[in-house]
Asks: 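Following this message is one structure expressed as structure tokens.
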Amino acid sequence: MLDPKIVREEYAHVKDAMNSRNYPLNFLEKYAQADQDWRQLQQEVDRLKNEQKLLTPKGKPDPEILETLKKKSDEIKEKNDTLLILEDAVKTAALYIPNIPKPETPLGKSEDDNQVVRMVGEIPAFSFTPKPHEEIGVTRGLLEFEKATQITGARFAIYKNNGARLERALINFMLDKQRENGYTEILPPVIVRSQSLQGTGQLPKFADDLFKLEGTDYWLSPTAEVQLTNLYQDSIIPEDELPIKITAYTPCFRKEAGSHGKDMKGLIRLHQFNKVELVQFETPENSDAGLATLLASAESVLQALKLPYRVVSLCTGDIGFSSAKTYDLEVWFPSQNNYREISSCSHFTDFQSRRAMIRYRRNADGKVAYLHTLNGSGVAVGRTFAAILENYQNQDGSINVPEVLQPYLRETLI
RNA sequence: GGAGAGAUACCCAAGUGGCUGAAGGGGGCGGUUUGCUAAACCGUUAGUGGUAGAAAUGCCAGCGAGGGUUCGAAUCCCUCUCUCUCCGCCA
């Protein structure tokens with residue numbers, strides 16, 4: 001949610017921001033109008049309520065005053081009904097307006113305008129044609145897709161034997177790594193309620209991307225960002241406790257609506273996947289530095305695994321709804337001869353903290369203010385699994401186990 | 001799943017229609033006393049959300065959440081959520 005004051009006072013700037021995102025202006029316009037109407041009537045109703053209060057005697061009112069009070073009450077009731085409708089309109093409209101990109105976010109219309117910030121690691125040279133991970137995984141008995149389709153449906157996978165062990169090793173490795181990086185480990189529920197999804201920005205606009213449990217207000221969480229960020233919903237944190245850095249491994253569930261036919265093979269795009277998530281709460285002064293820390297923490301996983309990757313700064317047309325600035329980490333997939341997203345590290349400014357009411361008490365003046373939230377994958381486990389299979393494959397189909405995983409897996413070759 | 005009890009401010013707790021945005025206690029903060037500490041005593045202390053304002057400050061909301069009754073609701077009615085106790089079931 002944007003600061004209402006900014007929308008009122010810097011309307012042109014907000015409008016530019018929406019344009020830079022290719023975001024239709026009608027949401028903003030609708031909001032601005034509703035906001036104006038609502039404030040006007042709010043003042044009117046407040047005034048009437050105050051009059052009513054002043055008129056009300058301490059004990060039982062005499063008949064004459066009672067008449068006046070009744071009239072006043074009717075007037076208030078009528079206007080208040082309208083006010084409630086307007087208030088609802090303002091609140092709803094506000095939830096559909098995306099965040100304002102930070103000035104450093106490159107301008108651009110689509111992912112083609114994203115900027116590669118740096119490339120890290122060396123792309124492996126193969127003396128043979130590298131196979132795609134789903135082929136290696138199935139041949140090697142690590143993955144099974146057909147059975148998963150029978151049991152559940154398309155876009156699900158089964159990990160088997162050393163495959164299951166590798167996935168588990170990766171989860172443990174990543175959590176340990178993030179603990180070294182200063183993140184406190186959390187094991188949250190994977191089911192969340194609407195309000196939490198609204199707090200982080202998935203609802204109300206992106207309900208179609210989520211699985212809802214029938215007959216309840218429960219949803220399968222699409223990312224632990226939801227649980228971790230909402231761990232502090234509706235709270236006021238003393239400044240001394242900041243930054244708060246937390247991490248969690250969770251399964252994530254996404255409908256992948258609108259991506260029919262895309263990435264149908266392998267582990268790249270599933271309805272259920274494992275992810276280690278990083279969430280950070282920072283003061284506005286420290287949040288930019290916080291994003292750098294978060295990004296470095298995500299990168300540390302890929303560096304330790306010696307997977308080649310690049311850092312991409314997403315342009316205004318490509319950053320997510322809630323984000324003001326996003327770096328994607330993209331890992332090298334030899335079979336696709338391309339980089340694929342494995343982590344997305346975002347700066348949300350006070351957008352989520354306004355929605356979820358996450359505030360902090362400033363040391364300087366004792367006042368309460370919205371803090372800044374950041375999050376990123378640290379990193380997507382399934383895609384890391386896939387990247388290891390592809391980058392560490394041998395001609396005979398075996399896979400070298402990355403050195404840092406060997407203590408976890410107790411194998412050097414699988 | 002069955003039966004019952006509860007949710008009031010930082011904590012405990014009083015409050016069944018107006019003088020209560022809230023008694024009392026604890027805690028916190030300030031002070032008196034004191035060699036220091038403790039005790040005692042005196043004083044003081046709701047955070048928050050919205051809105052108007054350059055600000056000082058004003059106004060409105062707010063007693064688990066949402067509705068309703070009433071001129072007026074912490075108090076009466078309805079729905080929901082959560083917590084606790086007992087029984088049943090279960091990893």
Side-chain angles (χ1 to χ4, degrees), chain A residues 1-11 31-95 97 187-199 203-204 212-219 226-227 230-242 251 281 283 350-371:
Chain A
M1 208 156 61
L2 299 183
D3 183 347
K5 284 206 176 104
I6 288 181
V7 183
R8 284 170 207 157
E9 290 162 16
E10 300 168 47
Y11 190 72
Y31 166 80
Q33 187 57 53
D35 179 58
Q36 203 181 352
D37 296 347
W38 165 70
R39 274 190 299 155
Q40 201 176 353
L41 192 59
Q42 166 86 284
Q43 287 171 52
E44 171 81 3
V45 171
D46 282 359
R47 207 197 75 233
L48 288 170
K49 280 185 178 171
N50 184 239
E51 284 175 17
Q52 181 189 39
K53 205 171 174 180
L54 295 174
L55 277 171
T56 306
K58 296 295 184 193
K60 269 196 181 133
D62 56 56
E64 207 175 304
I65 293 180
L66 191 60
E67 263 321 294
T68 322
L69 281 173
K70 278 184 180 172
K71 270 186 200 150
K72 188 66 79 183
S73 175
D74 286 344
E75 193 184 358
I76 290 173
K77 216 161 273 177
E78 194 193 321
K79 295 207 164 151
N80 198 51
D81 285 348
T82 316
L83 183 67
L84 290 176
I85 293 166
L86 279 172
E87 193 177 319
D88 190 60
V90 176
K91 281 185 178 164
T92 307
L95 293 174
I97 300 173
L187 188 63
V190 298
I191 294 176
V192 295
R193 59 194 194 118
S194 301
Q195 204 199 326
S196 301
L197 288 159
Q198 187 179 296
L203 286 182
K212 186 165 193 196
L213 301 187
E214 202 177 355
T216 68
D217 183 42
Y218 288 158
W219 307 72
V226 178
Q227 294 97 306
N230 282 289
L231 198 54
Y232 289 90
Q233 68 174 240
D234 203 21
S235 58
I236 299 171
I237 301 163
E239 185 173 342
D240 290 338
E241 288 176 26
L242 297 177
F281 300 88
T283 62
D350 59 1
F351 187 85
Q352 292 182 324
S353 64
R354 279 179 191 280
R355 288 177 161 239
M357 290 292 280
I358 308 170
R359 294 149 299 170
Y360 75 108
R361 192 173 298 281
R362 284 198 294 241
N363 284 336
D365 55 6
K367 291 247 170 72
V368 171
Y370 291 102
L371 48 69

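Worth saying up front: this structure is predicted, and the values here are computed from it rather than measured. Sequence lines set the chain letters: A, B, ... in the order given, protein chains first and strands last, and positions in each chain run from 1.
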Asks: The side chain of A:Lys77 lies closest to which of these nucleotides: B:G50, B:G72, B:U48?
Replies: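 Between B:G50, B:G72, B:U48, the one nearest the side chain of A:Lys77 would be B:G72.
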Asks: Quick one: is B:C60 close enough that its OP1 or OP2 comes under 4.0 Å of any side-chain N or O from A:Lys53?
Replies: yes
Asks: Please determine, for B:G64, whether a Watson-Crick or G-U wobble partner exists with both distances under 3.5 Å, and give it or none.
Replies: B:C80
Asks: Mind checking the P distance from B:G24 to B:C41? Whole angstroms is fine.
Replies: 15 Å
Asks: In a check of side chain to side chain contact (heavy atoms under 4.5 Å, CB included) between A:Gln227 and each of A:Ile191, A:Leu187, A:Val192, which one passes?
Replies: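 One option only clears the test, and that one is A:Val192.
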Asks: Applying a 3.5 Å limit to both distances, which nucleotide forms a Watson-Crick or G-U wobble pair with B:C19?
Replies: none
Asks: Specify the separation, in whole Å, of atom CE of A:Met1 and atom P of B:G50.
Replies: 8 Å
Asks: Partner of B:A73 by Watson-Crick or G-U wobble geometry, both contacts under 3.5 Å, or none?
Replies: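 Paired with no nucleotide.
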Asks: Quick check on B:A52: is either OP1 or OP2 less than 4.0 Å from any side-chain nitrogen or oxygen of A:Arg39?
Replies: yes
Asks: So if I apply the side chain to side chain contact (heavy atoms under 4.5 Å, CB included) rule between A:Thr283 and each of A:Asn363, A:Leu371, A:Leu242, which one comes out positive?
Replies: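 Testing A:Thr283 for a side chain to side chain contact (heavy atoms under 4.5 Å, CB included) against A:Asn363, A:Leu371, A:Leu242 leaves exactly one candidate, A:Leu242.
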Asks: With RNA chain B as reference, determine whether A:Val45 or A:Pro4 sits nearer its 5' end, using the nearest nucleotide of each.
Replies: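 Between the two, 5'-proximity favours A:Pro4.
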Asks: Using the P atoms only, state how far B:G2 lies from B:U79, rounded to an integer number of Å.
Replies: 15 Å
Asks: To the nearest Å, how far apart are A:Leu54 CG and B:C71 C1'?
Replies: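 Whole-Å distance recorded here is 15 Å.
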Asks: With rounding to whole Å, what would you report as the distance between B:C89 and B:G25 at their C1' atoms?
Replies: 43 Å
Asks: For the backbone of A:Leu213 and the side chain of A:Thr216, can you confirm whether one donor and one acceptor N or O come within less than 3.5 Å of each other?
Replies: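 Answer holds: yes.
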Asks: Would you indicate which nucleotide in B:G50, B:G47, B:C60 comes nearest to any side-chain atom of A:Arg361?
Replies: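 Between B:G50, B:G47, B:C60, the one nearest the side chain of A:Arg361 would be B:G47.
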Asks: For A:Asp234 and B:G62, what is the distance between atoms CG and C1' respectively, to the nearest whole Å?
Replies: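 One finds 13 Å between C1' of B:G62 and CG of A:Asp234, rounded.
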Asks: Nearest to the side chain of A:Val368, heavy atoms from C-beta on, is which of B:U48, B:G72, B:G50?
Replies: B:U48
Asks: Check every strand shown and say whether A:Arg359 touches a base, only sugar-phosphate, or nothing at a heavy-atom separation below 4.0 Å.
Replies: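 Contact class for A:Arg359: sugar-phosphate only.
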Asks: Write down the partner of B:G24 under the Watson-Crick or G-U wobble criteria, each distance required to be under 3.5 Å.
Replies: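 For B:G24, the partner nucleotide comes out as B:C12, under the 3.5 Å rule.
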Asks: Less than 4.5 Å apart, any side-chain heavy atom of A:Trp219 and any of A:Ser194?
Replies: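 Touching, per the 4.5 Å side-chain cut-off.
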Asks: Calculate the interatomic distance between A:Asn80 atom CG and B:C71 atom P; express it in whole Å.
Replies: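 Rounded to the whole Å, the gap is 16 Å.
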Asks: Picking from B:G50, B:G72, B:U51, which would you name as closest to the side chain of A:Asp46?
Replies: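 When the side chain of A:Asp46 is considered, B:G50 is the closest of B:G50, B:G72, B:U51.
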Asks: With rounding to the nearest 0.5 angstrom, report the CD to CG distance, A:Gln42 to A:Asp35.
Replies: 11.0 Å
Asks: Does B:A52 have a Watson-Crick or wobble partner in any strand here, with both distances under 3.5 angstrom, and which is it?
Replies: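 The answer is B:U57, by the H-bond criterion.
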Asks: Taking all heavy atoms of A:Arg355 and all of A:Pro204, pick out the closest pair and write down the distance.
Replies: NH1-CD, 4.4 Å
Asks: Hey, what do you get for CG (A:Leu197) to OH (A:Tyr218), rounding to the nearest 0.5 Å?
Replies: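 Output value for this atom pair is 13.0 Å.
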Asks: If we take the C1' atom in both B:C63 and B:A74, what is their distance in whole Å?
Replies: 5 Å
Asks: Could you tell me whether the phosphate oxygens of B:G72, OP1 or OP2, come under 4.0 Å of any side-chain nitrogen or oxygen in A:Ser73?
Replies: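 Yes, because at least one side-chain N or O of A:Ser73 sits under 4.0 Å from OP1 or OP2 of B:G72.
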Asks: At what distance, to the nearest 0.5 angstrom, does CD of A:Glu10 lie from CG of A:Asp3?
Replies: 9.0 Å
Asks: Map A:Asn50 and A:Lys367 onto RNA chain B by nearest heavy atom, then report which one ends up closer to the 5' terminus.
Replies: A:Lys367
Asks: Would you mind reading off the distance between A:Arg193 atom CZ and B:C80 atom P, rounded to a whole angstrom?
Replies: 16 Å
Asks: Determine the Euclidean distance between corresponding C1' atoms of B:G67 and B:A9; express it in Å to zero decimal places.
Replies: 25 Å
Asks: Under a 3.5 Å cut-off for both distances, is B:A91 Watson-Crick or wobble paired, and to whom?
Replies: none
Asks: Considering only the P atoms, how many Å lie between B:C60 and B:C82, rounded to the nearest integer?
Replies: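 Going atom to atom, P in each nucleotide, I get 35 Å.
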Asks: Nearest of B:C71, B:A52, B:C60 to any side-chain atom of A:Leu69?
Replies: B:C71
Asks: Output the rounded distance in Å from CD (A:Gln195) to P (B:G64).
Replies: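 Nearest whole value for this atom pair: 17 Å.
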Asks: Paired with B:A40: which nucleotide, if any, by Watson-Crick or G-U wobble criteria at under 3.5 Å for both distances?
Replies: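 Its partner is B:U32.
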Asks: Whole angstroms only, please: what is the CG-C1' distance between A:Leu55 and B:C19?
Replies: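 Nearest whole value for this atom pair: 17 Å.
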Asks: Write down the distance separating the C1' atoms in B:G26 and B:U33, rounded off to the nearest Å.
Replies: 23 Å
Asks: Side chain of A:Arg8, heavy atoms from C-beta onward: which of B:G49, B:U51, B:G72 has the nearest atom to it?
Replies: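 The answer is B:U51.
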Asks: In this structure, how many angstroms lie between the P atom of B:G49 and the CG atom of A:Asp350, rounded?
Replies: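 Atom CG in A:Asp350 sits about 13 Å away from atom P in B:G49.
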Asks: Taking the same atom, C1', in B:A73 and in B:A22, what whole-Å distance lies between them?
Replies: 13 Å
